[in-house]
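Computed from heavy atoms alone, side chains included, the values below leave out hydrogens, waters and symmetry copies. All chains are named by letter (A, B, ...) in the order of the sequence lines, taking the proteins before the strands, and each is independently numbered beginning at 1.
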Amino acid sequence: MPESWAIETTELRKSYGSTEVLRGLNLQVSRGSIHGFLGKNGAGKTTTIKTLLGMTHASGEARVLGLGAGDPTAGVEIRRRTGFVSEDKDLLDYMTIDQIVRFTASFYPRWRSDLQQHYLQAFELPVERKVKALSRGMRTKLALMLAFCRGAELLILDEPTSGLDPAMIEEVLQSIVRHVSREELTVFFSSHLIAEVEQIADHVTIIDRGRTVIAGALDDLRERYCRVQLVFDGEAPHPVFRANGIVRVNRQGRVLSVLAAGDRDAVLEEARALGPASVDVMPVNLKEIFLETVTSEE
Amino acid sequence: MLWYKTWLETRLRFLVGLAVLLCSAAGVVLQYPRVVELLGQMPAVSLGGEIGRRVQEAVEHSRHYRSYVWSQGFRQNLAQMGTLFAVVLGTGVFFHFSRGAALYTLSLPVSRSRLLGVRAATGLAQWLAMALLPSLLIAVLSPTVGQSFGLVDALAHGLCLFFAGAVFFSLTVLLSTLFAVVWRPLLLALLAAVVLSIPDQVGAGWSRYSLSGLMSGEAFFRTGRMPWLGLFAAASLSAALLYGAARNFARRDF
(Lines give C-alpha, C1' and ligand atoms only; values in the text may rest on other atoms or scores of the structure.)
Protein backbone atom coordinates (compact mmCIF):
# COMPACT_ATOMS: atom_id res chain seq x y z
CA MET A 1 0.00 0.00 0.00
CA PRO A 2 1.44 3.38 -0.86
CA GLU A 3 2.39 5.34 2.24
CA SER A 4 -0.02 8.05 1.08
CA TRP A 5 -3.15 6.00 1.90
CA ALA A 6 -4.53 6.44 5.38
CA ILE A 7 -7.28 3.94 4.58
CA GLU A 8 -7.44 1.35 1.85
CA THR A 9 -9.97 -1.41 1.38
CA THR A 10 -9.96 -4.05 -1.33
CA GLU A 11 -13.01 -6.13 -2.19
CA LEU A 12 -14.54 -5.70 1.23
CA ARG A 13 -17.55 -7.95 1.69
CA LYS A 14 -19.96 -8.32 4.58
CA SER A 15 -23.34 -9.99 4.92
CA TYR A 16 -25.82 -10.04 7.76
CA GLY A 17 -27.82 -13.21 7.19
CA SER A 18 -28.94 -13.12 3.58
CA THR A 19 -28.45 -9.35 3.30
CA GLU A 20 -25.25 -8.34 1.57
CA VAL A 21 -24.21 -5.02 3.08
CA LEU A 22 -20.76 -4.64 1.51
CA ARG A 23 -20.35 -6.03 -1.98
CA GLY A 24 -16.67 -5.75 -2.81
CA LEU A 25 -16.08 -2.22 -1.56
CA ASN A 26 -12.86 -0.58 -2.75
CA LEU A 27 -11.85 2.59 -0.96
CA GLN A 28 -8.76 4.76 -0.82
CA VAL A 29 -8.33 7.69 1.52
CA SER A 30 -5.16 9.69 1.07
CA ARG A 31 -3.25 10.97 4.08
CA GLY A 32 -3.89 14.55 5.03
CA SER A 33 -7.23 14.73 3.25
CA ILE A 34 -10.70 15.49 4.52
CA HIS A 35 -12.54 12.65 2.92
CA GLY A 36 -16.32 12.60 2.71
CA PHE A 37 -17.94 9.17 2.62
CA LEU A 38 -21.35 9.58 1.03
CA GLY A 39 -24.16 7.14 0.60
CA LYS A 40 -27.85 6.71 1.17
CA ASN A 41 -29.07 5.28 4.44
CA GLY A 42 -28.21 1.58 4.47
CA ALA A 43 -25.55 1.93 1.77
CA GLY A 44 -22.92 0.35 4.03
CA LYS A 45 -21.14 3.40 5.46
CA THR A 46 -21.36 2.45 9.13
CA THR A 47 -20.46 -1.19 8.43
CA THR A 48 -17.37 -0.01 6.54
CA ILE A 49 -16.33 2.22 9.44
CA LYS A 50 -16.90 -0.53 11.99
CA THR A 51 -14.78 -2.86 9.88
CA LEU A 52 -11.96 -0.31 9.72
CA LEU A 53 -11.98 -0.10 13.53
CA GLY A 54 -12.17 -3.86 14.10
CA MET A 55 -15.68 -3.74 15.55
CA THR A 56 -17.10 -5.87 12.74
CA HIS A 57 -15.46 -8.64 10.79
CA ALA A 58 -15.61 -8.63 6.99
CA SER A 59 -13.89 -10.54 4.21
CA GLY A 60 -11.52 -8.84 1.81
CA GLU A 61 -8.76 -6.52 2.93
CA ALA A 62 -8.97 -3.37 5.01
CA ARG A 63 -5.84 -1.44 5.95
CA VAL A 64 -5.77 1.60 8.18
CA LEU A 65 -2.56 3.61 8.62
CA GLY A 66 -0.77 0.70 6.96
CA LEU A 67 -2.08 -1.87 9.44
CA GLY A 68 -4.50 -4.72 8.78
CA ALA A 69 -7.84 -3.91 10.38
CA GLY A 70 -8.77 -7.59 10.61
CA ASP A 71 -5.85 -8.42 12.89
CA PRO A 72 -6.79 -7.98 16.58
CA THR A 73 -3.30 -6.83 17.60
CA ALA A 74 -3.03 -4.36 14.74
CA GLY A 75 -6.57 -3.26 15.56
CA VAL A 76 -5.45 -2.06 18.99
CA GLU A 77 -2.68 0.00 17.36
CA ILE A 78 -5.12 1.39 14.78
CA ARG A 79 -7.48 2.51 17.52
CA ARG A 80 -4.58 4.03 19.46
CA ARG A 81 -3.84 6.26 16.46
CA THR A 82 -7.45 6.97 15.50
CA GLY A 83 -10.15 9.20 16.93
CA PHE A 84 -13.69 7.96 16.41
CA VAL A 85 -17.14 9.45 16.84
CA SER A 86 -20.05 7.07 16.32
CA GLU A 87 -23.31 7.99 14.68
CA ASP A 88 -25.28 7.76 17.92
CA LYS A 89 -22.51 9.50 19.86
CA ASP A 90 -22.18 6.44 22.08
CA LEU A 91 -20.53 7.48 25.32
CA LEU A 92 -20.48 6.19 28.88
CA ASP A 93 -23.67 7.77 30.16
CA TYR A 94 -23.11 7.03 33.83
CA MET A 95 -19.88 9.04 33.96
CA THR A 96 -19.52 12.77 34.40
CA ILE A 97 -17.69 14.72 31.70
CA ASP A 98 -14.67 14.94 33.97
CA GLN A 99 -14.71 11.17 34.54
CA ILE A 100 -15.05 10.24 30.88
CA VAL A 101 -12.26 12.65 29.92
CA ARG A 102 -9.90 11.18 32.54
CA PHE A 103 -10.99 7.67 31.64
CA THR A 104 -10.38 8.17 27.90
CA ALA A 105 -7.11 10.04 28.39
CA SER A 106 -5.66 7.07 30.28
CA PHE A 107 -5.62 4.98 27.08
CA TYR A 108 -3.77 7.48 24.90
CA PRO A 109 -0.09 8.16 25.56
CA ARG A 110 -0.27 11.14 23.21
CA TRP A 111 -3.35 12.66 24.84
CA ARG A 112 -3.41 16.41 24.25
CA SER A 113 -4.10 18.09 27.57
CA ASP A 114 -3.73 21.49 25.91
CA LEU A 115 -6.53 20.66 23.48
CA GLN A 116 -8.58 19.24 26.32
CA GLN A 117 -8.48 22.56 28.15
CA HIS A 118 -9.14 24.43 24.92
CA TYR A 119 -12.19 22.40 23.90
CA LEU A 120 -13.68 22.17 27.37
CA GLN A 121 -13.72 25.95 27.33
CA ALA A 122 -14.61 26.47 23.67
CA PHE A 123 -17.47 23.96 23.76
CA GLU A 124 -18.61 25.20 27.21
CA LEU A 125 -18.77 21.66 28.57
CA PRO A 126 -19.81 21.48 32.25
CA VAL A 127 -17.29 18.99 33.66
CA GLU A 128 -19.38 17.93 36.66
CA ARG A 129 -22.45 17.09 34.60
CA LYS A 130 -23.32 13.47 33.84
CA VAL A 131 -23.06 12.49 30.19
CA LYS A 132 -26.64 11.21 30.21
CA ALA A 133 -27.85 14.70 31.15
CA LEU A 134 -26.31 16.35 28.08
CA SER A 135 -28.32 17.64 25.14
CA ARG A 136 -27.72 16.12 21.71
CA GLY A 137 -25.56 19.07 20.71
CA MET A 138 -23.45 18.99 23.87
CA ARG A 139 -23.07 15.25 23.52
CA THR A 140 -21.76 15.68 19.97
CA LYS A 141 -19.31 18.32 21.14
CA LEU A 142 -18.08 16.06 23.94
CA ALA A 143 -17.68 13.13 21.54
CA LEU A 144 -15.71 15.37 19.16
CA MET A 145 -13.56 16.69 21.97
CA LEU A 146 -12.74 13.15 23.12
CA ALA A 147 -11.77 12.26 19.56
CA PHE A 148 -9.76 15.44 18.95
CA CYS A 149 -7.65 15.11 22.11
CA ARG A 150 -6.42 11.58 21.41
CA GLY A 151 -3.45 12.92 19.48
CA ALA A 152 -4.73 10.87 16.56
CA GLU A 153 -3.37 10.74 13.03
CA LEU A 154 -6.78 9.82 11.69
CA LEU A 155 -10.27 10.94 12.65
CA ILE A 156 -13.16 8.69 11.68
CA LEU A 157 -16.50 10.39 12.14
CA ASP A 158 -19.71 8.51 11.44
CA GLU A 159 -22.44 11.01 10.59
CA PRO A 160 -21.02 13.59 13.01
CA THR A 161 -23.88 16.03 12.59
CA SER A 162 -26.82 13.62 12.63
CA GLY A 163 -29.74 14.85 14.68
CA LEU A 164 -28.42 18.38 15.09
CA ASP A 165 -30.13 21.65 14.19
CA PRO A 166 -28.62 23.76 11.37
CA ALA A 167 -26.84 26.15 13.74
CA MET A 168 -25.24 23.29 15.62
CA ILE A 169 -24.32 21.54 12.36
CA GLU A 170 -22.48 24.68 11.28
CA GLU A 171 -20.72 24.95 14.64
CA VAL A 172 -19.63 21.30 14.56
CA LEU A 173 -18.40 21.50 10.97
CA GLN A 174 -16.46 24.66 11.69
CA SER A 175 -14.84 23.08 14.74
CA ILE A 176 -13.75 20.10 12.61
CA VAL A 177 -12.27 22.40 9.97
CA ARG A 178 -10.51 24.54 12.59
CA HIS A 179 -9.10 21.44 14.28
CA VAL A 180 -7.81 19.99 11.01
CA SER A 181 -6.23 23.31 10.05
CA ARG A 182 -4.26 23.28 13.33
CA GLU A 183 -3.30 19.61 13.43
CA GLU A 184 -1.86 17.42 10.72
CA LEU A 185 -4.31 14.62 10.33
CA THR A 186 -6.66 12.80 8.02
CA VAL A 187 -10.40 13.05 8.45
CA PHE A 188 -12.71 10.37 7.10
CA PHE A 189 -16.32 11.19 7.74
CA SER A 190 -19.52 9.59 6.58
CA SER A 191 -22.65 11.50 5.81
CA HIS A 192 -25.77 11.42 3.78
CA LEU A 193 -25.91 15.23 3.86
CA ILE A 194 -24.27 16.32 0.64
CA ALA A 195 -24.07 20.00 1.59
CA GLU A 196 -21.84 19.33 4.60
CA VAL A 197 -19.56 17.08 2.60
CA GLU A 198 -19.27 19.74 -0.08
CA GLN A 199 -18.58 22.35 2.60
CA ILE A 200 -15.57 20.73 4.25
CA ALA A 201 -14.33 17.76 2.21
CA ASP A 202 -11.59 17.86 -0.39
CA HIS A 203 -12.07 14.23 -1.44
CA VAL A 204 -15.20 12.17 -1.67
CA THR A 205 -16.28 8.57 -2.11
CA ILE A 206 -19.88 7.81 -2.95
CA ILE A 207 -21.07 4.30 -2.23
CA ASP A 208 -24.29 2.63 -3.10
CA ARG A 209 -25.45 -0.78 -1.93
CA GLY A 210 -22.04 -1.73 -0.63
CA ARG A 211 -20.00 -0.67 -3.64
CA THR A 212 -18.05 2.43 -4.56
CA VAL A 213 -19.71 4.26 -7.42
CA ILE A 214 -17.65 7.46 -7.48
CA ALA A 215 -14.37 8.43 -5.84
CA GLY A 216 -11.96 11.28 -6.24
CA ALA A 217 -10.97 14.80 -5.34
CA LEU A 218 -14.02 17.05 -5.13
CA ASP A 219 -12.53 19.62 -7.51
CA ASP A 220 -11.69 16.91 -10.04
CA LEU A 221 -15.22 15.57 -9.87
CA ARG A 222 -16.67 19.02 -10.45
CA GLU A 223 -14.26 19.45 -13.35
CA ARG A 224 -14.89 16.02 -14.81
CA TYR A 225 -18.68 15.97 -14.55
CA CYS A 226 -20.95 18.19 -16.59
CA ARG A 227 -24.49 18.28 -17.81
CA VAL A 228 -25.09 18.60 -21.52
CA GLN A 229 -28.58 19.89 -22.20
CA LEU A 230 -30.03 19.56 -25.67
CA VAL A 231 -33.25 21.30 -26.72
CA PHE A 232 -34.95 20.09 -29.86
CA ASP A 233 -37.61 21.75 -32.00
CA GLY A 234 -39.82 18.74 -31.65
CA GLU A 235 -39.80 15.68 -29.38
CA ALA A 236 -36.34 14.77 -28.17
CA PRO A 237 -35.00 11.54 -29.74
CA HIS A 238 -34.02 8.34 -27.90
CA PRO A 239 -30.31 8.31 -28.66
CA VAL A 240 -27.79 5.65 -27.68
CA PHE A 241 -24.55 7.43 -26.80
CA ARG A 242 -21.36 5.60 -27.58
CA ALA A 243 -19.00 8.05 -25.90
CA ASN A 244 -17.32 6.97 -22.69
CA GLY A 245 -18.45 8.41 -19.37
CA ILE A 246 -22.18 8.80 -19.95
CA VAL A 247 -23.66 8.51 -16.47
CA ARG A 248 -27.31 9.15 -17.19
CA VAL A 249 -29.57 10.38 -19.94
CA ASN A 250 -32.92 11.99 -19.13
CA ARG A 251 -35.49 12.75 -21.79
CA GLN A 252 -38.40 15.04 -21.12
CA GLY A 253 -40.46 16.44 -24.01
CA ARG A 254 -38.13 18.54 -26.18
CA VAL A 255 -35.26 18.40 -23.71
CA LEU A 256 -32.54 15.77 -23.52
CA SER A 257 -30.27 16.03 -20.50
CA VAL A 258 -27.03 14.07 -20.38
CA LEU A 259 -24.84 13.75 -17.30
CA ALA A 260 -21.36 13.02 -18.54
CA ALA A 261 -18.04 12.32 -16.92
CA GLY A 262 -14.80 12.14 -18.82
CA ASP A 263 -14.55 12.74 -22.54
CA ARG A 264 -16.69 15.85 -22.82
CA ASP A 265 -15.76 16.56 -26.44
CA ALA A 266 -16.86 13.14 -27.63
CA VAL A 267 -20.20 13.57 -25.89
CA LEU A 268 -20.67 17.01 -27.41
CA GLU A 269 -19.82 15.70 -30.87
CA GLU A 270 -22.44 12.98 -30.56
CA ALA A 271 -24.95 15.43 -29.11
CA ARG A 272 -24.53 17.91 -31.96
CA ALA A 273 -24.94 15.10 -34.48
CA LEU A 274 -28.51 14.66 -33.19
CA GLY A 275 -29.40 18.08 -34.63
CA PRO A 276 -30.68 19.90 -31.54
CA ALA A 277 -31.87 23.51 -31.65
CA SER A 278 -29.49 24.36 -28.81
CA VAL A 279 -26.71 22.69 -26.83
CA ASP A 280 -25.69 23.91 -23.39
CA VAL A 281 -22.90 22.57 -21.22
CA MET A 282 -23.51 23.24 -17.53
CA PRO A 283 -21.43 22.55 -14.43
CA VAL A 284 -22.90 20.16 -11.87
CA ASN A 285 -22.66 20.15 -8.11
CA LEU A 286 -22.04 17.20 -5.84
CA LYS A 287 -25.73 16.81 -5.08
CA GLU A 288 -26.52 16.27 -8.75
CA ILE A 289 -23.64 13.85 -9.16
CA PHE A 290 -24.75 11.93 -6.07
CA LEU A 291 -28.41 11.76 -7.01
CA GLU A 292 -27.77 10.81 -10.62
CA THR A 293 -25.17 8.14 -9.87
CA VAL A 294 -27.02 6.60 -7.00
CA THR A 295 -30.39 6.56 -8.77
CA SER A 296 -28.91 5.33 -12.03
CA GLU A 297 -27.83 2.24 -10.15
CA GLU A 298 -31.43 1.35 -9.32
CA MET B 1 -9.02 2.90 34.29
CA LEU B 2 -10.78 -0.04 32.71
CA TRP B 3 -11.11 -1.45 36.24
CA TYR B 4 -12.62 1.82 37.40
CA LYS B 5 -15.12 1.80 34.53
CA THR B 6 -16.07 -1.80 35.31
CA TRP B 7 -16.49 -0.95 38.97
CA LEU B 8 -18.80 1.96 38.12
CA GLU B 9 -20.89 -0.28 35.91
CA THR B 10 -21.23 -3.16 38.34
CA ARG B 11 -21.07 -1.60 41.80
CA LEU B 12 -24.82 -1.25 42.30
CA ARG B 13 -25.61 -4.92 41.69
CA PHE B 14 -22.57 -5.93 43.74
CA LEU B 15 -23.42 -3.75 46.73
CA VAL B 16 -27.09 -4.76 46.67
CA GLY B 17 -26.14 -8.44 46.44
CA LEU B 18 -23.58 -8.15 49.20
CA ALA B 19 -26.01 -6.33 51.48
CA VAL B 20 -28.71 -8.96 50.93
CA LEU B 21 -26.30 -11.85 51.59
CA LEU B 22 -24.89 -10.17 54.71
CA CYS B 23 -28.40 -9.61 56.04
CA SER B 24 -29.27 -13.20 55.28
CA ALA B 25 -26.16 -14.48 57.09
CA ALA B 26 -26.84 -12.24 60.06
CA GLY B 27 -30.47 -13.39 60.07
CA VAL B 28 -29.43 -17.04 60.27
CA VAL B 29 -27.29 -16.36 63.36
CA LEU B 30 -29.66 -14.01 65.16
CA GLN B 31 -32.63 -16.34 64.60
CA TYR B 32 -30.94 -19.24 66.38
CA PRO B 33 -32.19 -18.52 69.96
CA ARG B 34 -35.76 -18.41 68.63
CA VAL B 35 -35.22 -21.69 66.73
CA VAL B 36 -33.97 -23.38 69.90
CA GLU B 37 -36.99 -22.06 71.76
CA LEU B 38 -39.37 -23.44 69.11
CA LEU B 39 -37.59 -26.80 69.09
CA GLY B 40 -38.45 -27.22 72.75
CA GLN B 41 -42.13 -26.69 72.04
CA MET B 42 -42.22 -28.99 68.99
CA PRO B 43 -44.23 -32.22 69.39
CA ALA B 44 -42.55 -35.45 68.30
CA VAL B 45 -43.86 -36.37 64.86
CA SER B 46 -42.89 -39.18 62.57
CA LEU B 47 -43.40 -38.64 58.86
CA GLY B 48 -42.48 -41.17 56.22
CA GLY B 49 -40.92 -40.77 52.81
CA GLU B 50 -38.44 -38.21 51.46
CA ILE B 51 -40.33 -35.28 52.95
CA GLY B 52 -40.38 -36.92 56.36
CA ARG B 53 -36.66 -37.58 56.12
CA ARG B 54 -36.02 -33.96 55.26
CA VAL B 55 -38.17 -32.63 58.10
CA GLN B 56 -36.43 -34.96 60.51
CA GLU B 57 -33.07 -33.92 59.15
CA ALA B 58 -33.91 -30.22 59.52
CA VAL B 59 -34.99 -30.76 63.14
CA GLU B 60 -31.82 -32.70 63.85
CA HIS B 61 -29.66 -30.05 62.27
CA SER B 62 -31.32 -27.38 64.38
CA ARG B 63 -30.31 -29.08 67.61
CA HIS B 64 -26.63 -28.29 67.04
CA TYR B 65 -25.46 -24.81 66.16
CA ARG B 66 -22.82 -25.87 63.62
CA SER B 67 -25.21 -28.08 61.68
CA TYR B 68 -27.97 -25.45 61.97
CA VAL B 69 -25.69 -22.83 60.39
CA TRP B 70 -24.69 -25.21 57.64
CA SER B 71 -28.25 -26.31 56.91
CA GLN B 72 -29.98 -22.91 57.09
CA GLY B 73 -27.08 -20.70 56.07
CA PHE B 74 -24.75 -22.44 53.67
CA ARG B 75 -27.06 -25.06 52.22
CA GLN B 76 -30.16 -22.91 51.83
CA ASN B 77 -29.98 -19.13 52.09
CA LEU B 78 -26.45 -18.40 50.92
CA ALA B 79 -26.41 -21.14 48.28
CA GLN B 80 -29.74 -20.15 46.76
CA MET B 81 -29.35 -16.39 46.94
CA GLY B 82 -25.67 -16.71 46.10
CA THR B 83 -26.53 -18.54 42.88
CA LEU B 84 -28.93 -15.77 41.97
CA PHE B 85 -26.39 -13.01 42.60
CA ALA B 86 -23.56 -14.88 40.87
CA VAL B 87 -25.79 -15.10 37.81
CA VAL B 88 -26.76 -11.43 38.09
CA LEU B 89 -23.09 -10.45 38.32
CA GLY B 90 -22.37 -12.52 35.21
CA THR B 91 -25.20 -10.86 33.33
CA GLY B 92 -23.75 -7.50 34.22
CA VAL B 93 -20.65 -8.25 32.20
CA PHE B 94 -22.34 -7.25 28.95
CA PHE B 95 -25.18 -5.19 30.30
CA HIS B 96 -23.53 -1.95 29.25
CA PHE B 97 -22.61 -3.30 25.84
CA SER B 98 -26.27 -3.73 25.09
CA ARG B 99 -27.04 -0.22 26.36
CA GLY B 100 -25.23 1.55 23.57
CA ALA B 101 -21.81 2.11 25.10
CA ALA B 102 -20.34 -0.73 23.07
CA LEU B 103 -18.94 1.37 20.25
CA TYR B 104 -17.23 3.82 22.59
CA THR B 105 -15.58 1.05 24.58
CA LEU B 106 -14.62 -0.87 21.45
CA SER B 107 -13.11 2.26 19.90
CA LEU B 108 -10.52 2.35 22.68
CA PRO B 109 -7.09 0.82 22.07
CA VAL B 110 -7.86 -2.24 24.13
CA SER B 111 -8.11 -5.83 22.93
CA ARG B 112 -11.39 -7.65 23.37
CA SER B 113 -9.68 -10.31 25.47
CA ARG B 114 -8.52 -7.61 27.89
CA LEU B 115 -12.00 -6.10 27.98
CA LEU B 116 -13.50 -9.47 28.83
CA GLY B 117 -10.66 -10.31 31.21
CA VAL B 118 -11.17 -7.17 33.27
CA ARG B 119 -14.92 -7.69 33.32
CA ALA B 120 -14.62 -11.32 34.37
CA ALA B 121 -11.92 -10.62 36.96
CA THR B 122 -13.98 -7.80 38.49
CA GLY B 123 -17.07 -10.00 38.56
CA LEU B 124 -15.17 -12.88 40.16
CA ALA B 125 -13.58 -10.57 42.74
CA GLN B 126 -17.01 -9.22 43.61
CA TRP B 127 -18.39 -12.74 43.82
CA LEU B 128 -15.49 -13.75 46.08
CA ALA B 129 -16.37 -10.90 48.43
CA MET B 130 -20.04 -11.91 48.28
CA ALA B 131 -19.13 -15.49 49.15
CA LEU B 132 -16.57 -14.85 51.88
CA LEU B 133 -17.89 -11.83 53.78
CA PRO B 134 -21.29 -13.29 54.74
CA SER B 135 -19.57 -16.54 55.75
CA LEU B 136 -17.12 -14.67 57.95
CA LEU B 137 -19.95 -12.57 59.36
CA ILE B 138 -21.52 -15.77 60.66
CA ALA B 139 -18.32 -16.56 62.57
CA VAL B 140 -18.08 -13.00 63.91
CA LEU B 141 -21.74 -12.76 64.98
CA SER B 142 -22.04 -16.20 66.56
CA PRO B 143 -20.80 -15.12 70.04
CA THR B 144 -23.67 -12.61 70.23
CA VAL B 145 -26.09 -15.57 70.53
CA GLY B 146 -23.81 -17.47 72.87
CA GLN B 147 -22.47 -19.78 70.17
CA SER B 148 -19.28 -20.17 68.22
CA PHE B 149 -18.53 -20.92 64.61
CA GLY B 150 -14.88 -21.29 63.59
CA LEU B 151 -13.34 -18.76 61.25
CA VAL B 152 -11.63 -21.58 59.38
CA ASP B 153 -14.96 -23.34 58.93
CA ALA B 154 -16.50 -20.11 57.69
CA LEU B 155 -13.63 -19.59 55.29
CA ALA B 156 -13.91 -23.17 54.00
CA HIS B 157 -17.64 -22.83 53.36
CA GLY B 158 -17.09 -19.43 51.77
CA LEU B 159 -14.55 -20.89 49.36
CA CYS B 160 -16.89 -23.74 48.44
CA LEU B 161 -19.62 -21.19 47.80
CA PHE B 162 -17.24 -19.11 45.68
CA PHE B 163 -15.91 -21.91 43.46
CA ALA B 164 -19.32 -23.47 42.81
CA GLY B 165 -20.97 -20.07 42.26
CA ALA B 166 -18.18 -19.12 39.86
CA VAL B 167 -19.48 -21.82 37.53
CA PHE B 168 -22.86 -20.05 37.31
CA PHE B 169 -21.14 -16.69 36.93
CA SER B 170 -18.98 -17.99 34.07
CA LEU B 171 -21.92 -19.73 32.43
CA THR B 172 -23.83 -16.43 32.44
CA VAL B 173 -20.83 -14.60 30.96
CA LEU B 174 -20.69 -17.18 28.17
CA LEU B 175 -24.45 -16.89 27.55
CA SER B 176 -24.12 -13.10 27.53
CA THR B 177 -21.76 -13.37 24.56
CA LEU B 178 -24.39 -15.39 22.71
CA PHE B 179 -27.43 -13.22 23.34
CA ALA B 180 -27.68 -9.46 22.97
CA VAL B 181 -30.57 -9.11 25.43
CA VAL B 182 -29.94 -9.10 29.16
CA TRP B 183 -32.74 -11.29 30.44
CA ARG B 184 -32.13 -14.36 28.28
CA PRO B 185 -28.70 -15.27 29.74
CA LEU B 186 -30.11 -14.61 33.19
CA LEU B 187 -33.07 -16.95 32.72
CA LEU B 188 -31.03 -19.67 31.01
CA ALA B 189 -28.37 -19.65 33.73
CA LEU B 190 -31.01 -19.82 36.47
CA LEU B 191 -32.69 -22.66 34.62
CA ALA B 192 -29.33 -24.46 34.51
CA ALA B 193 -28.97 -23.92 38.26
CA VAL B 194 -32.39 -25.45 38.87
CA VAL B 195 -31.59 -28.44 36.64
CA LEU B 196 -28.23 -28.98 38.35
CA SER B 197 -29.89 -28.98 41.76
CA ILE B 198 -32.14 -31.91 40.80
CA PRO B 199 -29.66 -34.59 42.03
CA ASP B 200 -29.80 -32.84 45.39
CA GLN B 201 -33.56 -33.30 45.48
CA VAL B 202 -33.46 -36.95 44.41
CA GLY B 203 -31.82 -38.24 47.55
CA ALA B 204 -29.38 -37.48 50.29
CA GLY B 205 -26.60 -39.59 48.80
CA TRP B 206 -26.42 -37.65 45.53
CA SER B 207 -26.03 -34.17 46.98
CA ARG B 208 -22.38 -34.73 47.87
CA TYR B 209 -21.54 -35.05 44.18
CA SER B 210 -23.71 -32.23 42.86
CA LEU B 211 -22.74 -28.61 42.22
CA SER B 212 -25.20 -27.45 44.85
CA GLY B 213 -23.62 -29.94 47.27
CA LEU B 214 -20.23 -28.45 46.52
CA MET B 215 -21.67 -24.97 46.95
CA SER B 216 -22.94 -25.71 50.45
CA GLY B 217 -19.65 -27.37 51.40
CA GLU B 218 -21.50 -30.53 52.42
CA ALA B 219 -18.40 -32.72 52.18
CA PHE B 220 -16.48 -30.34 54.47
CA PHE B 221 -19.39 -30.21 56.90
CA ARG B 222 -19.69 -33.98 57.12
CA THR B 223 -16.03 -35.04 56.96
CA GLY B 224 -14.07 -31.92 57.88
CA ARG B 225 -12.03 -32.28 54.69
CA MET B 226 -12.02 -29.78 51.84
CA PRO B 227 -13.52 -31.19 48.61
CA TRP B 228 -10.40 -30.33 46.61
CA LEU B 229 -11.36 -32.45 43.64
CA GLY B 230 -14.75 -30.79 43.40
CA LEU B 231 -13.23 -27.32 43.79
CA PHE B 232 -10.67 -28.08 41.10
CA ALA B 233 -13.39 -29.40 38.79
CA ALA B 234 -15.52 -26.28 39.37
CA ALA B 235 -12.54 -23.98 38.78
CA SER B 236 -11.68 -25.83 35.57
CA LEU B 237 -15.26 -25.66 34.36
CA SER B 238 -15.39 -21.92 35.10
CA ALA B 239 -12.14 -21.36 33.23
CA ALA B 240 -13.43 -23.34 30.25
CA LEU B 241 -16.68 -21.36 30.19
CA LEU B 242 -14.80 -18.04 30.36
CA TYR B 243 -12.45 -19.18 27.61
CA GLY B 244 -15.48 -19.98 25.46
CA ALA B 245 -16.89 -16.54 26.27
CA ALA B 246 -13.63 -14.87 25.23
CA ARG B 247 -13.57 -16.78 21.93
CA ASN B 248 -17.16 -15.85 21.28
CA PHE B 249 -16.63 -12.21 22.20
CA ALA B 250 -13.64 -11.97 19.85
CA ARG B 251 -15.75 -13.23 16.93
CA ARG B 252 -18.77 -11.07 17.63
CA ASP B 253 -19.81 -8.16 15.40
CA PHE B 254 -20.98 -4.92 16.98
Participant: I need the minimum non-hydrogen distance between Thr51(A) and Ala58(A), along with the two atoms involved.
Facilitator: CG2-CB, 3.7 Å

Participant: If the threshold is 4.0 Å, N to carboxylate O, is there a salt bridge linking Lys14(A) and Glu20(A)?
Facilitator: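 Salt bridge between Lys14(A) and Glu20(A), a charged N being under 4.0 Å from a carboxylate O: no.
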
Participant: Identify whether the distance between the nearest side-chain nitrogen and carboxylate oxygen of Glu77(A) and Arg79(A) falls below 4.0 Å.
Facilitator: no

Participant: For chain B, find which of Val76(A), Thr82(A), Ile100(A) contributes the most heavy-atom pairs closer than 4.5 angstrom.
Facilitator: Val76(A)

Participant: Could you tell me whether the side chains of Thr10(A) and Asn26(A) share a donor-acceptor contact shorter than 3.5 Å?
Facilitator: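 No donor-acceptor contact under 3.5 Å links the two side chains.
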
Participant: Please flag which part of Ile156(A) lies under 4.5 Å from any non-hydrogen atom of chain B: side chain, backbone, both or neither.
Facilitator: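 The answer is neither part of Ile156(A).
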
Participant: Would you say the side-chain atoms of His35(A) and Thr186(A) include a donor-acceptor pair closer than 3.5 Å?
Facilitator: no

Participant: In terms of heavy-atom proximity below 4.5 Å to chain B, should Arg150(A) be classed as side chain, backbone, both, or neither?
Facilitator: side chain

Participant: Taking Phe84(A), Tyr16(A), Phe103(A) one by one, which has the highest count of heavy-atom pairs under 4.5 Å against chain B?
Facilitator: Phe103(A)

Participant: Look at Ser111(B), Ser107(B), Ala250(B), Ser113(B) and state which one has the largest set of heavy-atom pairs under 4.5 Å with chain A.
Facilitator: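 Looking at each of Ser111(B), Ser107(B), Ala250(B), Ser113(B) in turn, Ser107(B) comes out on top.
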
Participant: Name the region of Arg251(B), side chain, backbone, both or neither, that has any atom closer than 4.5 Å to a heavy atom of chain A.
Facilitator: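 The backbone, not the side chain.
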
